[in-house]
Novice: 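Dropping a structure here in structure tokens format, bear with me for questions.
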Protein chains: 2
Amino acid sequence: MSSSSGKPASDSRLQILHAAAGCFMERGFHATSIDHVAHRLGATKGIVYHHYQSKMDLFFDVYRVGMTALLSAVSVARQGPGRGLASVRAMLEAHAMAMFEFHAFENVVAQGVQLHRFSAMTPSQRESFDELVASRDRLEQMYKEEVEMAQSAGTVRADLDVSIAVKTILGGVHWSVIWWRPEADEGLQARHQLAQKMVDVLLHGLEPR
Amino acid sequence: MSSSSGKPASDSRLQILHAAAGCFMERGFHATSIDHVAHRLGATKGIVYHHYQSKMDLFFDVYRVGMTALLSAVSVARQGPGRGLASVRAMLEAHAMAMFEFHAFENVVAQGVQLHRFSAMTPSQRESFDELVASRDRLEQMYKEEVEMAQSAGTVRADLDVSIAVKTILGGVHWSVIWWRPEADEGLQARHQLAQKMVDVLLHGLEPR
DNA sequence: GTCTATATGGTGATAGAC
DNA sequence: GTCTATCACCATATAGAC
């Protein structure tokens with residue numbers, strides 16, 4: 001995982017990243033102070049500013065880790081053996097699993113979607129911001145393409161507005177940052193079962209077949 | 001629509017409420033200053049503090065309006081003629097329509113779900129907070145009950161984990177605060193079509209029948 | 001690398017004139 | 001009811017010792 005400046009992530013940077021993700025998740029970006037992050041590290045804010053130029057850069061790095069985890073999980077699943085609807089299913093299951101595994105980071109990703117352009121950004125931050133928006137679009141695009149291919153193959157309904165369908169389905173997966181709690185499903189197996197149940201609802205709906 | 005203190009909503013209160021909802025949506029609760037709200041009103045913050053004791057009380061009132069709109073829309077739809085799956089469909093369509101109509105307020109509701117208990121609350125604010133949590137649970141409960149009834153009637157699959165299914169489906173509806181933009185679907189009819197397409201995906205999934 | 005100041009600015013909330 | 005002025009506080013970010 002590389003930072004915005006292309007430097008490899010040092011050990012202390014990773015620790016800061018995890019502390020920040022936890023704080024941002026619990027209190028939100030604006031309500032989190034650098035002192036909060038430092039306190040969670042058991043240190044002072046000098047160390048944070050030694051590794052990150054600003055709070056926003058820190059936020060961007062947390063976002064980047066979360067989004068990279070999603071993109072990576074989904075594209076690996078996409079390249080698996082499945083085709084058509086089976087491929088979409090594999091993507092969604094991997095997606096949901098990543099939502100659980102990187103829970104704090106994905107919570108921050110969800111906040112980042114809402115991040116406005118009001119706060120002043122340096123050119124470098126602006127670049128990071130644009131990159132994040134692009135990565136978000138890329139994720140959605142992967143799903144759209146796969147659903148369209150499945151439509152051609154006849155394993156997904158042809159009468160579907162793909163854009164709306166994908167947005168709605170991804171909403172079902174992403175919203176889990178709101179209600180899912182790590183304490184509830186600790187084992188990998190429990191998480192996988194949950195992911196399967198969620199994806200099952202999204203692919204088949206409520207109606208009996 | 002009544003405020004937390006039970007007073008009827010005056011005209012100026014309503015204006016403040018709308019301005020606050022817009023600001024909270026655009027910048028988030030913590031990044032919004034009372035000056036921002038006042039500026040959107042074309043006034044100064046004296047007027048805001050004349051009507052609301054604190055920023056958090058203002059937030060709670062915005063949240064309350066948004067949540068009341070959802071509860072009201074969904075429970076009216078529930079009491080309609082439909083039964084079983086048709087009733088769930090009517091609830092979801094009304095739900096989605098309310099998400100659009102009260103877009104700014106529902107955006108704040110989504111933020112409120114994340115609102116932490118860290119910030120100090122007065123006993124009265126604490127009471128509001130608990131009431132909001134309860135209203136959120138009530139909304140989910142309405143869906144769970146209706147889905148279970150539909151299961152008994154055989155119009156919804158019996159093999160479904162109702163709690164997970166409802167959370168996932170509501171995620172699909174609620175996430176629209178993230179991607180939906182008022183400019184895109186101005187007419188009531190365009191909105192209704194969008195709502196129907198979203199609900200169609202949630203009830204039937206992707207697979208052809 | 002990590003710490004302790006501290007500069008600097010913004011924000012919630014209040015006081016009090018009109 | 002609405003304004004101006006102001007207080008008290010907190011948070012970002014920096015400087016500089018060790």
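Chain naming here is simple, since letters A, B, ... match the order of the sequence lines and numbering starts at 1 in each. All of these numbers come straight from a predicted model, not from anything done at the bench.
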Novice: Applying a 4.0 Å non-hydrogen cut-off, can you work out what B:Ser33 is touching in the nucleic acid: base, sugar-phosphate, or nothing?
Specialist: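 Since only primed, P, OP1 and OP2 atoms lie under 4.0 Å of B:Ser33, the category is sugar-phosphate.
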Novice: Give the first and the last nucleotide of DNA chain D, reading 5' to 3', that has any atom under 4.0 Å from a heavy atom of chain A.
Specialist: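 So the outermost contacting nucleotides come out as D:dA11 to D:dT14.
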Novice: Can you check the B:His30 NE2 to C:dG10 C1' distance for me, whole Å?
Specialist: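 Rounded to the whole Å, the gap is 16 Å.
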Novice: Run the side chain to side chain donor-acceptor pair (under 3.5 Å) check on B:Ser54 and B:Gln125 step by step: do they pass?
Specialist: CA-CA 10 Å; B:Ser54 74; B:Gln125 289 171 340; 3.0 Å; yes
Novice: Quick one: label A:Ser54 by what it contacts on the DNA or RNA (base, sugar-phosphate, nothing), any heavy atom closer than 4.0 Å.
Specialist: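 Sugar-phosphate contact only.
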Novice: Could you state the CG-P distance from B:Leu58 to C:dT11, rounded to the nearest angstrom?
Specialist: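 Taking atom P of C:dT11 as the reference, CG of B:Leu58 is at 16 Å.
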Novice: By nearest nucleotide on DNA chain D, pick out whichever of A:Gly46 and A:Ile34 is the more 5' one.
Specialist: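 First, find each residue's nearest nucleotide; the 5'-ward one identifies A:Ile34.
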Novice: Less than 4.0 Å between a side-chain N and a carboxylate O, is that true for A:Glu145 and A:Arg78?
Specialist: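 A:Glu145 and A:Arg78: salt-bridged.
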Novice: Within this structure, what is the NE2-to-P distance between B:His36 and C:dG10, rounded to whole angstrom?
Specialist: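 To the nearest whole Å, that distance equals 10 Å.
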Novice: Check every atom of C:dT4, C:dT14, C:dT11 against the side chain of B:Tyr49 and return the nucleotide holding the closest atom.
Specialist: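 Looking only at side-chain atoms, B:Tyr49 lies closest to C:dT14.
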Novice: Classify the ring geometry of B:Phe105 against B:His18: parallel below 30°, tilted from 30° to 60°, perpendicular beyond 60°.
Specialist: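 Plane angle over 60°, so perpendicular.
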Novice: B:Phe29 CZ to C:dT11 C1': how many Å, rounded?
Specialist: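 Rounded to the whole Å, the gap is 12 Å.
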Novice: Let me know the distance between CD of B:Gln53 and P of C:dG12, rounded to the nearest Å.
Specialist: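 In whole Å, C:dG12 P and B:Gln53 CD are 16 Å from each other.
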Novice: Please give, in whole Å, the distance from C:dT11 C1' to B:Met56 CE?
Specialist: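 Distance check: B:Met56 CE to C:dT11 C1' gives 14 Å.
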Novice: Taking the basic N atoms (NZ, or NE/NH1/NH2) and the acidic carboxylate oxygens, is any pair closer than 4.0 Å for B:Arg64 and B:Glu131?
Specialist: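 So B:Arg64 pairs with B:Glu131 through a salt bridge.
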Novice: Between B:Lys55 (side chain) and B:Phe29 (backbone), is there a donor-acceptor pair under 3.5 Å?
Specialist: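 Indeed, once roles are kept as given, a pair shorter than 3.5 Å links the two residues.
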Novice: Could you check, using the six-membered ring where one of them is a Trp, whether B:His174 and B:His95 have ring centers closer than 6.0 angstrom?
Specialist: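 Yes; B:His95 has its ring centre under 6.0 Å from that of B:His174.
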Novice: Atom NZ of B:Lys45 and atom P of C:dG10: how far apart are they, to the nearest Å?
Specialist: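 In whole Å, C:dG10 P lies 12 Å from B:Lys45 NZ.
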Novice: Looking only at the side chains, is there a donor atom on one of B:Glu26 and B:Thr32 sitting less than 3.5 Å from an acceptor on the other?
Specialist: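 Judged by distance alone, the side chains do not pair up.
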